[in-house]
Amino acid sequence: MLLVALGALVAYFAARAPVFLSSQELANILADFCSLILLGVGETFVIASGGIDLSVGSATSFSGVIGAFAMKALLDGHQNEAVVLAVGVAVCAGVGLGIGLVNAALINWARLVPFVATLAMLGAAAGMAIVLSNGEPVGLDPRAISYTTAKLGPFSYPSLVVIAVVAVAWLTLHFTRYGRYTFAIGSNEFAARAAGINVRRHVVSVYALSGVLAGLTGMFVYMRLGSGAPTAGLNDELQAIAAVVIGGASLYGGVARMSGTVLGTLIINTVTSGLIISNIQANWDQVAVALLIGLAATMQALRPGRRR
Amino acid sequence: MAGQAVLYEAVNVSKSYGSVEALIDVNVQLHAGEVLGLVGDNGAGKSTLVKVLSGVHPPDSGKLFLEGRERRWSSPHDALAEGIETLYQDTGLAPHLTIGANVFLGRELLRPGLLGRLGFMAQREMERAALHELAQVGVEVKGSRKTVSDLSGGQRQAVAIGRAVAWARKVLLLDEPTNHLGARQALEVLNVIRAARDRGLGVIFISHTLPHVLQICDRIVVLRLGRVVRDASTSEFDAESLLGTITGLLEKSP
Amino acid sequence: MKQVHSAGLRSSRASRRVGAMAATALALASIFPVASASAQAGASNLKPAATHKLVIAYNMGAEADPFFIAMYIGAKAEANKLGVTLVWQGDPSVYSPSTQIPIAEELLAEHPDGFVISPTDPKALQPVVNQAIAEGIPVANVDTHVQDLSKVLTFITGNNQQGGAVAADAMAKAMHYAPGHTYEVTVGMSSPTTTTNTARLAGFKAEIAKKYPGIKIVSEAYSESQPAVANTNVNNWLTKYPNLKGIFAIDGTNAAGAAAAIQAHGLVGKVALVGYDAYANNVQLLKQGVFAALIAQQPALEGQLEIQYMVKFLRTHSRAGIPHELTLPNIVLTPHSPAAVLAKYTYPTA
């Protein structure tokens, strides 16, 4: 179903601008996909567990800025490029992890609903990213940019890492006990607890995962731009949630498909790039995504037997 | 059953939710191979007592003894590990998961070897084993790939009971097991409970359907406003006196 | 007239989103060790008038905005030189009248000798300005102005329309524009409602219409304050228009996204990228030739002149030599600009 929608979109844009089917355009869409999909993957786990994480966009910005400060210090000290990138990945992931753990603490122990807890984090992380960076991109790393160019067909090396992470996440959500517990908690938290599942610990891990993936997104966007931008992930939480919902997930929890999230993300990326390529007024981008969400939500509601 | 050792016991258990005293100084003894009826009006404290016994809520005061040893459950996980299985009223299943996933929830079978150590589940085996286990305890469901939300109320109840009976090793706590069931299904459930008792399990049976209670229970405990008001062999009750004790209209014991 | 400045965080969407949780951000920012203007400003207090040292309260749009940070540095240096006390205060990151009004009122409650403000909204801040004037406190506007400028001492701002025009000139020069040829160029903006963006675009288009008939603007796209989106836009342009000759990155986020795309595609020197705002990073990229030109505003000079004029008026009680409105030109920087010029116009950071 989603595949049909994606195919139709690609056909439409290709008809308007044949260059849309080029390998170069595939590389463009792939770079965009990799900037969003990990947020969608994390959000898929969170939404499957019956929660929501509004902080992933600003976690992307904040971790990218902090990671950029760390990498800038190393670059200024003429550190080996591999060391710089490794430290960047670790710092970004670590900052994301911290954000996820604070979210989980607010939800589990301060008893805030996920919407409020992660909304507070959204504001805090976005504000800190701007204040700490003075509103300017941090660092200047053209070597990082060179790594994000297409090397194997349309794939860059970082994009292969991202795709591998998505594959592992897909296996984890749908084939492992971890994924099963995630769905069980989202489907009926009491039933999960009564079945002996440590719900609190699992919720901590889900938000931590979402945070780490946002951190890695921060690193990916850093590499794309060659700097840590304080607005790198601005509004991306909404795009990620949109992708998950378009992919067939229920915001009430218990229902989500990783393949759906992947296709939902691709659809959003295709619309964004397709509108530019076919030179349609860019403001339609938001309208198009909104329509897709509305359509997905309607299909969700009409699907029999999937309501609580 | 009087001759047999006490299997599971609550001593002077109290539990409040805010200002509501749900259980006040409750004493209940359950023996192996016994079906103990737990009856009372709405709000009498039956479900709260089940949740204390199953480890969902710790008691505010009082103690729990399993096979003579004092136990403090920090979560349902602890009680499950000790062979105490519970059917909760209406809320025990995850509707979006398949029947097999629900039967094995918290006890997933993992694949052999490395994949298993990475947490990969043996999904097909679980689905097959789930149907088998349910059939063993007399619950027939077709098509294990169905999610619980696809089932009727009666089928869901059957799966939930089947799961509890299949896994129970010592104690079976059943909160309204005959809810949502037709007359014929209800009789089947009563048979399943008898079979469990005959395996030597201690069963606590909660129901508003007094004929079922009188039919299957060896002993009956009556709760009213959080207190035990009567604890006697079923032979000491008839339908009228049981109802009278529950409502409090019949204060004196016969 | 411009109401919203170019830098990403002052674009309407960004500030609204960040503003939603301003309280949390403030709370967390305050416990974080931050080396920024906000920390310094927080430390300063209104001095009692007993010392007869003049106190000038300065209320800008958003303290963490690099544009205002540069303005602070210019203002602070001038205040030190003239021996007056500068009280610099604004919301750390939110560019909005709802956060600005209480801060402005608080500053006025301390009865400063002079008040400089860059109103985040021309109507919403008018009452605050009227109140100050009624209390005998002279008011100056900077960057943006209130609706009624008649009683305002001076208003100093940059000229975005002229900046757009010189951007067109710089781009044409970088492309070696010759009549009779066609040059495809694109424009990256932040959002369709950012007024500085539209002023710059208008100036850019007018200059092209006047002087460069061969330049065709084939596409305009929005970044929504996200450099990664700007990057995507440029990537797509480069796919769609293989002969693209120039890109006008009209604000900071577009500059960052476009610079990365040009580098990733190995098109440095082949596509004339003209960017806006002389952030240290951008100037570095200019020196490397990634930008063919950068258009710089003069925030530090704006801050310096505001203090200079205000102190002059307070000491002489005369408007002589104080322009009622002053528009500073935007400056074109190129890789060939002398190092001293680049250093002069690079926005200073705290």
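No hydrogens, no waters, no symmetry mates; every other heavy atom, side chains included, goes into these values. In what follows, chains carry the letters A, B, and so on, assigned in the order in which the sequence lines appear, proteins first and then strands, with residues in each chain numbered from 1.
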A.B. asks: Which one, Asn282(C), Asn281(C), Val229(C), leads in non-hydrogen pairs under 4.5 Å with chain A?
C.D. replies: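 Among the listed options, the one with the most contacts to chain A is Asn281(C).
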A.B. asks: Rounded to the nearest 0.5 Å, what separation is found between the CD atom of Glu302(C) and the OG atom of Ser118(C)?
C.D. replies: 9.5 Å
A.B. asks: Does Lys216(C) pair with Glu184(C) as a salt bridge, N-O distance under 4.0 Å?
C.D. replies: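 No, no charged N to carboxylate O under 4.0 Å.
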A.B. asks: Sort Val221(A) into side chain, backbone, both or neither according to what part of it lies under 4.5 angstrom from a heavy atom of chain C.
C.D. replies: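 For Val221(A), the contact with chain C is made by the side chain alone.
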A.B. asks: Contact part of Val290(C) toward chain A, heavy-atom cut-off under 4.5 Å: side chain, backbone, both or neither?
C.D. replies: neither
A.B. asks: How are the rings of Tyr279(C) and Tyr347(C) set to each other: parallel, tilted or perpendicular (split at 30° and 60°)?
C.D. replies: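 Geometry flag for Tyr347(C) against Tyr279(C): perpendicular rings.
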A.B. asks: So which part of Ser146(A) gets closer than 4.5 Å to some heavy atom of chain C, the side chain, the backbone, both or neither?
C.D. replies: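 Contact with chain C involves no heavy atom of Ser146(A) at all.
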A.B. asks: Who wins among Leu140(A), Val138(A), Thr149(A), Asp32(A) for the most heavy-atom pairs under 4.5 Å with chain C?
C.D. replies: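 Among Leu140(A), Val138(A), Thr149(A), Asp32(A), the one with the most close pairs to chain C is Leu140(A).
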A.B. asks: Check whether Ala17(A) gets within reach of chain C through its side chain, its backbone, both or neither, counting any heavy atom under 4.5 Å.
C.D. replies: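 Contact with chain C involves the side chain of Ala17(A) alone.
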A.B. asks: Please find out if less than 6.0 Å separates the ring center of Tyr157(A) from that of Tyr147(A).
C.D. replies: no
A.B. asks: Judged by atom type as modelled, is there a donor-acceptor pair below 3.5 Å linking the side chain of Ser273(A) to the main-chain atoms of Thr270(A)?
C.D. replies: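 No; zero donor-acceptor contacts below 3.5 Å.
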A.B. asks: Identify which of Gly139(A), Ala150(A), Ala31(A) forms the greatest number of heavy-atom pairs closer than 4.5 Å to chain C.
C.D. replies: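 The answer is Gly139(A).
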A.B. asks: What part of Ser35(A) lies closer than 4.5 angstrom to a heavy atom of chain C: side chain, backbone, both or neither?
C.D. replies: neither
A.B. asks: Taking Ser223(C) for its side chain and Ser225(C) for its backbone only, find out whether a donor-acceptor pair lies under 3.5 Å.
C.D. replies: yes
A.B. asks: Would you mind telling me which of Val218(C), Asn235(C), Leu285(C), Asn233(C) has the largest number of heavy-atom pairs within less than 4.5 Å of chain A?
C.D. replies: Asn235(C)
A.B. asks: Does any heavy atom of chain C fall under 4.5 Å from the side chain of Ser133(A), the backbone, both, or neither of them?
C.D. replies: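 Neither part.
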A.B. asks: Quick check: closest heavy atoms across Gln226(C) and Leu234(A), and the distance to 0.1 Å?
C.D. replies: NE2-O, 3.1 Å
